[in-house]
Amino acid sequence: MDLLKAITLGAILSATIGIVIGSQGTSAGPLAIQLLAIADAKIYWSWPVFLSGTGLAWGLMLLNR
């Protein structure tokens, strides 16, 4: 259950950082922010930020046990 919560937090973090940095027209180097078209919506997404944010949130939840 903690992993599902961490995935949600990682997605929120990735979308937030992607919107802020990606809307300015840059990929931010190692963050690899890219524009994804899902149906009619377009969002900025970063897999490295998603994976590291998910790992960080999951680790913090495990430490709080």
Side-chain angles (χ1 to χ4, degrees):
M1 190 64 168
D2 286 340
L3 183 58
L4 292 176
K5 291 178 190 176
I7 288 172
T8 304
L9 292 173
I12 291 170
L13 178 69
S14 180
T16 304
I17 290 177
I19 288 170
V20 170
I21 296 175
S23 64
Q24 296 177 7
T26 182
S27 67
L31 294 181
I33 296 173
Q34 53 192 327
L35 182 64
L36 293 179
I38 301 174
D40 290 335
K42 294 180 182 177
I43 63 168
Y44 290 97
W45 188 258
S46 173
W47 284 108
V49 173
F50 172 73
L51 294 175
S52 60
T54 300
L56 179 64
W58 192 31
L60 289 173
M61 287 181 198
L62 289 176
L63 284 174
N64 283 330
R65 284 182 150 192

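All values derive from a computational prediction rather than experimental measurement.
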What is the distance from atom CG of Leu51 to atom CD1 of Ile7, rounded to the nearest 0.5 Å?
10.0 Å
Taking all heavy atoms of Tyr44 and all of Ile19, pick out the closest pair and write down the distance.
CB-N, 4.1 Å
Once rounded to the nearest 0.5 Å, what's the spacing between atom OG1 of Thr8 and atom CG of Leu3?
9.5 Å
Hphob cluster co-occupancy, Trp45 + Ile38, side-chain heavy atoms under 4.5 angstrom:
yes
Looking at every non-hydrogen atom in both residues, tell me the closest pair between Met61 and Ala6 and how far apart they are.
CE-N, 3.9 Å
Side-chain heavy-atom pair Leu62, Arg65 within 4.5 angstrom cut-off
yes
Between Val49 and Ser52 the two heavy atoms that sit nearest each other are O-OG, 3.3 Å
Quick one: CG on Asp2 to CG on Leu60, what's the gap to the nearest 0.5 Å?
11.0 Å
Report yes or no: does Ser27 contribute a side-chain atom to a donor-acceptor pair with the main-chain N or O of Ala32 at less than 3.5 Å?
no
Are Ile17 and Leu56 linked, directly or through intermediate hydrophobic residues, by side-chain heavy-atom contacts shorter than 4.5 Å (ILVMFWY only)?
no
Side chains of Thr26 and Ile33 in contact at under 4.5 Å (non-hydrogen atoms)
no
Between atom CG of Leu31 and atom CZ of Phe50, what is the distance when rounded to the nearest 0.5 Å?
15.0 Å
Roughly how far, to the nearest 0.5 Å, is CD1 of Ile43 from CD of Gln34?
10.0 Å
To the nearest 0.5 Å, tell me how far Thr54 OG1 sits from Ile12 CD1.
10.5 Å
Which atoms form the tightest heavy-atom contact between Ala28 and Ile21, and what is the distance?
CB-CG2, 3.6 Å
